[in-house]
Amino acid sequence: MTEEFMRERLEKVHRLRAAGVDPYSRGFQPTHSSEAAKALLGEAERTPPVAVAGRLMVKRQQGGLVFADLQDGHGRIQLMANRSILGDEEFGRFADLDLGDIVGVSGPIFRTKRGEITLEVNSFQLLTKSLRPLPEKWHGLKDVEIRYRQRYVDLLANPQVREVFRARTQIITAIRGLLDERGFIDVETPVLQEVPGGGHARPFQTHHNALGRDLYLRIALELHLKRLLVGGFERVYEVGRVFRNEGLSPRHNPEFTLMECYQAYADYEDMMQLAEDILVCSAMAANRPLETSYEGEAVNLTPPYRRERMADLVLEYTGKHAAGEELNDLFEEHVQPRLRQPTFVLDYPVEVSPLARPREDDPRFVERFELVILGREYANAFTELTDPIDQRARFEAQAAMRAAGNVEAHPMDEDFLRAVEYGLPPCGGMGVGLDRLVMLVMDQPSIRDVILFPVMKPEA
RNA sequence: GCCGGCGUAGCUCAGCUUGGUAGAGCAGCGGUCUUUUAAACCGAGGGUCCGGGGUUCGAGUCCCCGCGCCGGCACCA
């Protein structure tokens with residue numbers, strides 16, 4: 001069927017070329033978007049001619065009239081071609097256009113008897129001939145496999161999907177704006193790294209031919225950003241892709257987008273404030289309310305968020321006094337899934353936080369928090385460890401775990417230690433997984449719904 | 001990696017339990033129709049039923065293997 005369909009369209013392409021029409025032409029200049037063209041009419045009966053361009057999505061022929069919906073980057077506008085205006089030949093050419101074709105049209109805007117704001121086609125130009133059939137106009141494209149593999153079809157067939165990705169961009173732009181406004185500078189650090197540090201995750205390995213050595217794709221942004229604080233930048237951030245060689249799930253894509261920021265002379269209390277600001281600014285950027293819901297569950301993102309020490313939460317939910325990795329394990333198993341409203345979980349065990357500053361009153365714990373909403377983490381931050389002697393000891397402890405077979409233990413990074421030995425100012429830092437943030441704000445159930453081209457196995 | 005569900009026309013879906021060699025709507029094709037809005041009406045088409053094997057006189061349907069997708073677990077601050 002596809003073969004037959006495409007053969008017919010290809011024959012049409014040849015016929016058009018033979019008739020002197022370029023089915024892949026250019027030079028059409030739209031004067032208005034579909035939205036702007038519709039807005040132009042106001043209360044008037046007719047406007048002067050405008051030019052719009054886009055893809056034909058629906059066609060309805062009524063004898064000497066053809067109605068069609070033209071979709072552009074902003075929305076849709078109805079077109080009406082009239083045989084008695086265009087003449088037989090041009091009208092025939094318009095009626096011969098296919099769904100999926102990209103066309104430029106010119107003419108005045110008016111209102112039909114049914115009240116639909118419509119462009120009366122005075123002239124038109126085929127810009128791009130489409131060779132493949134569009135998904136169904138009413139049900140759209142539902143098959144998730146095609147939606148993810150051929151996102152271009154998903155985007156052109158399902159307007160809500162375009163809105164999600166537009167919102168994603170608006171959220172990230174707003175977060176950048178917030179940080180820029182506060183004096184953070186937007187930097188770029190290496191994706192290809194000798195030592196994949198700053199987190200606990202299995203890295204992707206690659207190879208540089210000319211250097212003749214293996215490199216890793218970064219799993220986090222942290223260690224290079226802190227080097228920049230050593231260099232004298234006092235507030236830095238990066239929005240960047242990181243890569244973790246782990247399983248896939250509705251919450252995990254092997255590559256995802258992380259925002260990390262570091263602020264000299266700040267601590268994790270400041271980062272909590274910043275986290276709240278980022279959540280609020282994200283919801284606003286996407287035009288979503290703070291009192292909202294995710295997959296049907298009510299959630300209120302209005303600050304201030306509850307703050308609880310991890311040890312207190314574990315005691316409350318399990319009745320157990322615990323410390324170290326056991327505390328963290330108990331928290332993750334018994335507490336985190338039950339934290340539904342936004343909660344800052346404070347003061348992690350030092351054993352699971354090799355880059356964070358110990359609490360002065362109890363060095364078994366560090367000044368670290370994670371922001372948990374609906375059982376999921378949205379931010380991870382600490383008052384950074386600035387003592388190079390302690391940092392070296394932490395790395396050595398991690399190296400021992402690594403030697404004992406823990407592949408996710410933090411690797412030794414001598415250059416980072418050297419930087420810290422020059423002097424890292426006291427600072428707070430935070431990381432926010434932006435994909436999951438967009439999922440929350442836009443109420444999307446899968447990370448694949450907020451990543452344009454998620455990782456898939458090969459077809460066939 | 002393990003467990004479960006799913007895979008039928010370009011798209012959205014029936015048919016599978018109770019085997020008898022495939023159906024609808026939209027899209028496409030041919031025709032009628034000058035203000036339509038999921039938009040009509042008439043007509044003729046269109047399928048390696050994910051792939052491979054097996055059981056059977058006969059498999060879209062039952063069994064086995066494989067592939068892909070979805071979900072859960074494992075993994076994953």
Side-chain angles (χ1 to χ4, degrees), chain A residues 1-9 11-12 57-69 76 78-86 91 95 98-100 110-118 120 130-150 153-154 157-158 198-203 219-220 222 244-254 256 258 310 325 328-329 331-332 336 345 348-349 351-356 366 368-372 376-382 407-410 431 433 445-446 448 454 456-460:
Chain A
M1 184 55 200
T2 306
E3 290 75 18
E4 188 189 331
F5 185 101
M6 289 187 67
R7 201 191 62 238
E8 281 165 0
R9 292 264 173 115
E11 283 168 5
K12 199 175 271 190
M57 300 302 290
V58 187
K59 213 169 73 170
R60 301 175 285 277
Q61 184 157 7
Q62 298 288 321
L65 293 179
V66 172
F67 294 95
D69 294 348
R76 290 187 180 189
Q78 176 168 273
L79 312 179
M80 188 187 78
N82 189 331
R83 169 173 270 137
S84 54
I85 293 174
L86 282 174
F91 181 78
D98 290 301
L99 300 189
F110 74 109
R111 212 178 300 265
T112 63
K113 285 180 184 168
R114 294 289 191 92
E116 180 80 17
I117 300 176
T118 300
E120 179 188 281
S130 173
L131 301 181
R132 288 180 182 271
L134 248 38
E136 213 223 5
K137 63 184 177 188
W138 178 242
H139 296 93
L141 179 65
K142 289 186 170 173
D143 184 314
V144 291
E145 185 167 353
I146 303 176
R147 288 189 47 224
Y148 298 153
R149 284 194 195 283
Q150 299 176 236
V153 181
D154 189 26
N158 298 326
H200 293 177
R202 220 168 294 197
I219 60 168
E222 175 154 3
R244 297 188 179 181
N245 207 338
E246 293 158 359
L248 289 76
S249 87
R251 292 161 297 282
H252 299 82
N253 195 64
F256 62 98
L258 194 57
M310 179 187 279
E325 290 190 46
N328 193 54
D329 292 346
F331 170 77
E332 285 183 2
Q336 185 173 322
V345 177
Y348 278 60
E351 291 84 352
V352 299
S353 314
L355 300 163
V366 294
R368 169 181 175 186
F369 74 80
E370 288 192 1
L371 172 58
V372 176
R376 300 180 185 176
E377 305 143 18
Y378 287 90
N380 178 26
F382 13 101
V407 292
E408 276 105 32
H410 201 288
S446 171
R448 298 180 194 95
M456 302 285 276
K457 293 187 192 175
E459 297 179 69

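Proteins get letters first, then strands, A, B, ... in listed order; numbering begins at 1 in each. Atom set for the values below is all heavy atoms of this structure, side chains included, hydrogens, waters and symmetry mates excluded.
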(request) Scan every strand shown for a Watson-Crick or G-U wobble partner of B:U48, both distances under 3.5 Å, and answer none if you come up empty. (result) none
(request) Once you apply the 3.5 Å cut-off to both distances, tell me the Watson-Crick or G-U wobble partner of B:U32, or none. (result)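 Across any shown strand, B:U32 pairs with B:A40.
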NA contact type, [X], heavy-atom cut-off 4.0 Å: base, sugar-phosphate, or nothing?
X	answer
A:Tyr348	nothing
A:Glu136	base
A:Ser84	base
A:Lys457	sugar-phosphate
A:Arg244	nothing
A:Arg448	sugar-phosphate
A:Asn328	nothing
A:Pro445	nothing
A:Val144	sugar-phosphate
A:Glu377	sugar-phosphate

(message) Can you tell me whether the side chain of A:Gln78 and the base of B:U36 have a donor-acceptor pair closer than 3.5 Å?
(response) yes
(message) Using a 6.0 Å cut-off, check whether atom CZ of A:Arg7 has over 12 heavy atoms from anything other than its own residue.
(response) yes
(message) Whether A:Asp98 and A:Lys59 form a salt bridge (side-chain N of Lys/Arg under 4.0 Å from carboxylate O of Asp/Glu) is what I want to check.
(response) no
(message) Using the side-chain heavy atoms of A:Asn82, tell me which of these nucleotides is nearest: B:A27, B:C11, B:U34.
(response) B:U34
(request) Round to the nearest Å and state the distance from A:Lys142 atom NZ to B:C69 atom P. (result)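 Atom-to-atom, A:Lys142 to B:C69, this comes out as 21 Å.
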(request) Considering non-hydrogen atoms only, spot the tightest contact between A:Arg368 and A:Glu370 and give its length. (result)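 In this case the closest contact between A:Arg368 and A:Glu370 is NH2-OE2, 2.9 Å.
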